[in-house]
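Structure record follows, encoded as structure tokens.
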Amino acid sequence: MNIPHHRRLATLVALGFSAALAQGAPQAPAPDSPEAKQARLAWFKEAKFGLFIHWGLYAIPAGEWKGKHVPGIGEWIMNRAKIPVAEYEQLAKQWNPVKFDPDAWVQMAQDAGMKYIVITSKHHDGFALFDSKVTKWDVVDATPFKRDILKELSAACQKHGMPLGFYYSQAQDWHEPGGAGNDWDFGPDLGPDGKERKDYDAYLRGKAEPQVRELLTGYGPVALIWFDTPRMMTPERARRFSDLVRSLQPKTLIDGRLGAAGDYVSTGDNVIPAQVQNEAWEVPATINHTWGFRRDDQDWKSPGEVTFKLVDIVSKGGNYLLNVGPTAEGVIPQGSQETLRTVGRWLKVNGEAVYGTGPTPWGDELGEPSAKGTKDLRGNPLALPHNEWRVTTRPGKLYFIFFQEPRAPFELPPMKNAVKRAYRLADAEPVEVKVENGRPQLVVARPIRDPMATVVVVEIEGDKVER
Ligand code: FHN
């Protein structure tokens, strides 16, 4: 029987837990301890590829307000067009996504080879996609649809064994006078003296914290909370959120944008680091140029681009959280589905080179620093990427993933380990290994078979590459 990995993991964790109790073993490590963090991260490090979903009222205007094109990311339309709260609230009356089918969404994520889902429970517009008792500004109380989207999605995720996490905009809330970000209805967050002008703590205590509590108590196991844009999040304020998460669901991960260190590092949007990172990390990324649906953005990344980015990220030790923006009807745009399903077909054959693998033991193949210490726009040293191949690892195995025809023969990077054998992952066809001047070379047949990427497994003596 094919038991999903995280279920196996959950069962093992559960078994281990009851065995520990039976033996009178010491209590579980404190939630803030490095051991507890590593245990929480186990499924995440295995998963590698997740589906981000930005869905909310902004899918209705879809990039246009009163007949005018509003540039920028779709979910920011309220801010970009300075739409007053009272006017934006009218959108809720039109929210009736009759095509919303949570099982189909989860199925699509599974077809894409994605191993977790993160959905916007409340984005910066303050609108909750769940039945919140804290406010009427939510999908059940304010819309004719009246269905708790998160309840239905979490039920579907549990049915399919898919971990579900919630994005929650803890700081920006353009609907609330005390929330950060809405300067067109409520004035700036900070006065000319740099001091806070709004009753931000009243908003945090009255809405954001109770809503995070609702998410962690009413929707089953929550894989992670994805906080974002931590404006004005002092360590004390961040601590109130992390205490809430740890006390209600100690296994729930906290992303890197709470305003204090979370369980893993979140990079900038669409920013893939140039080199291997040692801490657990994740790239949130768009599949076109927006997070929330925009009618005018159908510029989907190709399956080849997505596969390259996924493998690139995994070979540097990270996770790829790739976004879709469903329409106001509840449909994930066809073009994004097609890209994702094609990637999923590649992963079905080649997933062994991705899920649960370790990063490259080398790194020279990733690129090189540009000459003369040139910096990018963020001031980081500019790297010139090399995109021909990547490598991921398991004990005793190296997965060489070729995106282009490899040099013939392909000289393996330096290592002391002997090579036992090599074969193509897709069909187990052996690949000849020649040794020239003490360096093993792969004789990969041309042309490479898979236009997306061809994986050659190299089995070595010993668990790890010795250099
Ligand atoms: O402002 C948001 C944006 O709308 C989107 O949610 C992204 C996703 O990472 N986060 C913020 C910008 O970084």
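First listed ligand is number 1; within each ligand, the first listed atom is number 1.
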Exercise for review: State yes or no: are the ring centers of His123 and Tyr167 separated by less than 6.0 Å?
Suggested key: yes
Review point. Which atoms of ligand 1 are found less than 4.0 Å from any heavy atom of Tyr167?
Key: 6 (O)
Check your understanding: Are Trp105 and Gln110 linked by a side-chain donor-acceptor pair shorter than 3.5 Å?
Key -> no
Exercise for review: Let me see the working for Lys198 and Asp189 under side-chain contact (heavy atoms from CB on, under 4.5 Å), right down to the final yes or no.
Suggested key: CA-CA 6 Å; Lys198 296 177 176 173; Asp189 297 343; 2.8 Å; yes
**Study point:** Heavy-atom nearest neighbour in the protein, as seen from atom 4 (O) of ligand 1, with distance rounded to 0.1 Å
**Key:** Glu75 OE2, 2.5 Å
Check your understanding: If you count the atoms of ligand 1 from 1 in the order shown, which ones are under 4.0 Å from a heavy atom of Trp76?
Key -> 1 (O), 2 (C), 3 (C), 4 (O)
Point to revise | Polar atom proximity, His124 to ligand 1 (N or O, under 3.5 Å) | key: yes
Review point. Any non-hydrogen atom of Trp226 lying under 4.0 Å from ligand 1?
Key: yes
Revision key, fill the gap. protein heavy-atom neighbour closest to atom 13 (O) of ligand 1 works out as Asp269 OD2, 2.7 Å
Point to revise | Trp174, Phe127, Phe130 screened by ring-ring contact (aromatic ring centres under 6.0 Å, His included) with Trp137, the one that passes | key: Phe127
Study note, to complete from the structure: At under 4.0 Å between heavy atoms, what of His54 touches ligand 1? The answer is side chain
Practice item. Assess Lys115 against Tyr355: is NZ or CZ under 6.0 Å from the centre of the six-membered ring, and within 45 degrees of the ring's axis? Key: yes
Check your understanding: Between Asp103 and Lys159, does at least one N-O distance fall below 4.0 Å, as a salt bridge requires?
Key -> yes
Practice item. Please find out if less than 6.0 Å separates the ring center of Trp55 from that of Phe100. Key: yes
Point to revise | Sub-4.0 Å atoms of ligand 1 with respect to non-hydrogen atoms of His123 | key: 3 (C), 4 (O), 5 (C), 6 (O)
Point to revise | Protein heavy atom at shortest distance from atom 11 (C) of ligand 1 | key: Asp228 OD2, 2.9 Å
